[in-house]
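Excluded from the calculations below are hydrogen atoms, water molecules and symmetry mates; all remaining heavy atoms, backbone and side chain alike, are included. In what follows, chains carry the letters A, B, and so on, assigned in the order in which the sequence lines appear, proteins first and then strands, with residues in each chain numbered from 1.
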Number of protein chains: 2
Amino acid sequence: MSDIKIIQDTRERILDVAERLFMERGYEGTSMRMITGAAEVNLAAVNYHFGSKEALLREVFRRRLAWLNHERLQALDELEGQANGAPLKPSLVLEAFFGTLLRMGGNESLGGMTFLRLLGRTLTEPAEFIRTFFSGEYAEVIERYKLALIRALPDVPRAEIVWRLHFMLGAMSYAIAGTDVLQVVTGCELGDISDANVDDKVAAQRLADRLMPFLLGGLRAPLPQFLDLSTQQQDASPSSGKRKTA
Amino acid sequence: MSDIKIIQDTRERILDVAERLFMERGYEGTSMRMITGAAEVNLAAVNYHFGSKEALLREVFRRRLAWLNHERLQALDELEGQANGAPLKPSLVLEAFFGTLLRMGGNESLGGMTFLRLLGRTLTEPAEFIRTFFSGEYAEVIERYKLALIRALPDVPRAEIVWRLHFMLGAMSYAIAGTDVLQVVTGCELGDISDANVDDKVAAQRLADRLMPFLLGGLRAPLPQFLDLSTQQQDASPSSGKRKTA
DNA sequence: AGTTAGTTCAAACGTTCGTTTTAATAATAA
DNA sequence: TTATTATTAAAACGAACGTTTGAACTAACT
């Protein structure tokens, strides 16, 4: 049962190892020799099968993002189909977008938490070709969800929704990518996410349970119109009265 | 006025240039020759003044974090002094923690947005020594604020607060670090943060105005006890009744 | 003046990087 | 079988990496 994949062709074995190493050490911090060494293939195999290191990274992402993009679009299609033209509830839009990703993290045959961590980390990689690659891969899905959120929150300005989508992506990426980083920072009380004994399925579910309420709370927070950071006097507690609510 | 700092000693010029390049290209993506070339100093100057590339990165952070840590602790001290032993309002704790950082981003002599971006990016750098360095630099401040939040939200389990602190750090880091990344992803409608024409002061203020309400909303969101991601039926809209609120 | 400590400089060190080459081997088709 | 193609193998390529060396220059003090 655990040795289903003992026999793997070179191509797949390289992709699996590269996925893990890129996650652990970053793109620039992972050399071809590390990859081919861990995958137990010849050094030239990467260039033979993929052409270059850059192309290998792209392929690592493409085989996962193809599934993710399709799944996310389909989830939104279903929601919009059921809604019959009515705006969707924000919670359902978030569930479709982030829930799909987190469910992917729970499925080891789709890369599991390894791929999720890689995705979160790589979004901040500064290399030029990585950025252009991601905007190409992500553009369509993000655009669809952005429009869905704009329809779901008709009273909130578009710009504000984009900001908050930005914040939500950040919270999610760090929550995933930064586990071992912030585990030290925040003390060891998380336990859950960074626990290696727990399998991806459970870890992803626990993360989802905590993350989704946080994101919804942030998305639906009062608008900043009447808040002023430069004074220390603003009151953002829930009991305060006169505030515009998203 | 703009040429106050034309004359700089080698040490400072290296630090300034390294700060910017590490932000733009990452630690591994920035070579000593890039740094010394841009700083117009000899290649050996970095090793002479700092010892190694690693030590240079540490020094780049130390000169900024010294100020930031002091300021954050002092802000919390003041709040707790004014409160006379009573728990602080969550909004004030967040203002002290994130407001201090964002004000730093508005002050060019403290590194401005360049340092903020560098900080956000570097938190996810996978290199081992970077992680251990940060946990050492951050530990005290994070611990203090964690305790303040725990006191500020007595009804919320400690673990949940740590999770949400984690999420907030992520939202902030990405909001800062990922501007040029997600600018493409989210379309060009942000305009504000990634606009090079706007100075750091304005950019930091605009970011703060958007970010603080989002973080507060997330921090104070309903607890996940009764939410279940695996079913698509949960309702997280604000009008729904029976939910425990943080 | 001479001495000393601090700094800058050009040049080279050995290592590792991604990639390429050329030959050997395995697999498939005629 | 032979011919052809696909894959793997070992070795080397030039370039770039972080670091070190030892001499040259500067400035201050005796």
Side-chain angles (χ1 to χ4, degrees), chain A residues 5-63 118 122 125-133, chain B residues 5-63 118 122 125-133:
Chain A
K5 286 191 159 190
I6 283 188
I7 297 171
Q8 257 176 327
D9 64 346
T10 304
R11 235 187 94 95
E12 256 189 278
R13 207 157 63 238
I14 290 175
L15 285 173
D16 288 345
V17 166
E19 184 172 68
R20 180 174 56 81
L21 289 181
F22 284 150
M23 180 272 284
E24 291 173 353
R25 328 247 337 209
Y27 174 75
E28 316 246 28
T30 304
S31 71
M32 300 289 248
R33 286 165 178 83
M34 291 179 197
I35 296 171
T36 53
E40 297 178 290
V41 300
N42 187 270
L43 170 61
V46 169
N47 289 288
Y48 175 77
H49 284 283
F50 303 97
S52 69
K53 190 187 176 187
E54 280 195 19
L56 169 62
L57 181 75
R58 274 192 289 264
E59 189 53 35
V60 164
F61 277 99
R62 213 187 309 274
R63 69 170 179 165
L118 174 64
T122 312
E125 285 264 1
E128 185 67 20
F129 84 96
I130 294 181
R131 291 217 285 265
T132 63
F133 170 71
Chain B
K5 286 191 161 191
I6 281 188
I7 297 169
Q8 254 177 329
D9 63 344
T10 305
R11 233 186 96 95
E12 256 189 276
R13 207 157 63 236
I14 290 175
L15 285 173
D16 288 344
V17 166
E19 184 172 68
R20 179 174 56 82
L21 288 182
F22 283 150
M23 179 273 282
E24 291 172 355
R25 329 247 334 209
Y27 175 74
E28 316 246 28
T30 305
S31 73
M32 300 287 247
R33 286 165 178 84
M34 290 179 196
I35 296 171
T36 54
E40 295 178 291
V41 300
N42 187 270
L43 170 60
V46 170
N47 293 84
Y48 175 76
H49 284 282
F50 303 96
S52 68
K53 189 186 177 187
E54 281 195 19
L56 169 62
L57 181 74
R58 273 193 289 266
E59 190 52 35
V60 163
F61 278 100
R62 214 187 307 275
R63 69 169 178 165
L118 173 64
T122 312
E125 286 264 0
E128 185 68 19
F129 85 96
I130 294 181
R131 291 215 286 263
T132 63
F133 170 72

Return a table of donor-acceptor pairs under 3.5 angstrom between the side chains of residues 41-50 of chain A and protein atoms on other chains or two or more places apart.
from: A/N42; atom 1: OD1; to: A/A44; atom 2: N; distance (Å): 2.9

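Residues A/F129 and A/Y27 meet the side-chain proximity criterion, which asks for heavy atoms closer than 4.5 Å. Here the side chains of A/F133 and A/L57 are not in contact, with every heavy-atom distance at 4.5 Å or above.
Remark: B/T10 is not in phosphate contact with C/dT7, judged by side-chain N or O atoms under 4.0 Å from OP1 or OP2. In this structure, A/H49 reaches the D/dT8 phosphate: one of its side-chain N or O atoms is under 4.0 Å from OP1 or OP2.
A salt bridge links B/R58 to B/E54: one of the charged nitrogens lies within less than 4.0 Å of a carboxylate oxygen.
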Query raised in the report: Where along nucleotides 13-29 of chain C does protein come under 4.0 Å, by heavy atom, of base (B) or sugar-phosphate alone (S), with - for untouched nucleotides?
Result: ----BBBB---------

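Between B/L21 atom CG and D/dC17 atom P there is a gap of 12 Å when expressed in whole angstrom units.
Scanning for salt bridge (charged side-chain N to carboxylate O under 4.0 Å, His left out) contacts around A/R25 gives an empty result, with sequence neighbours left out.
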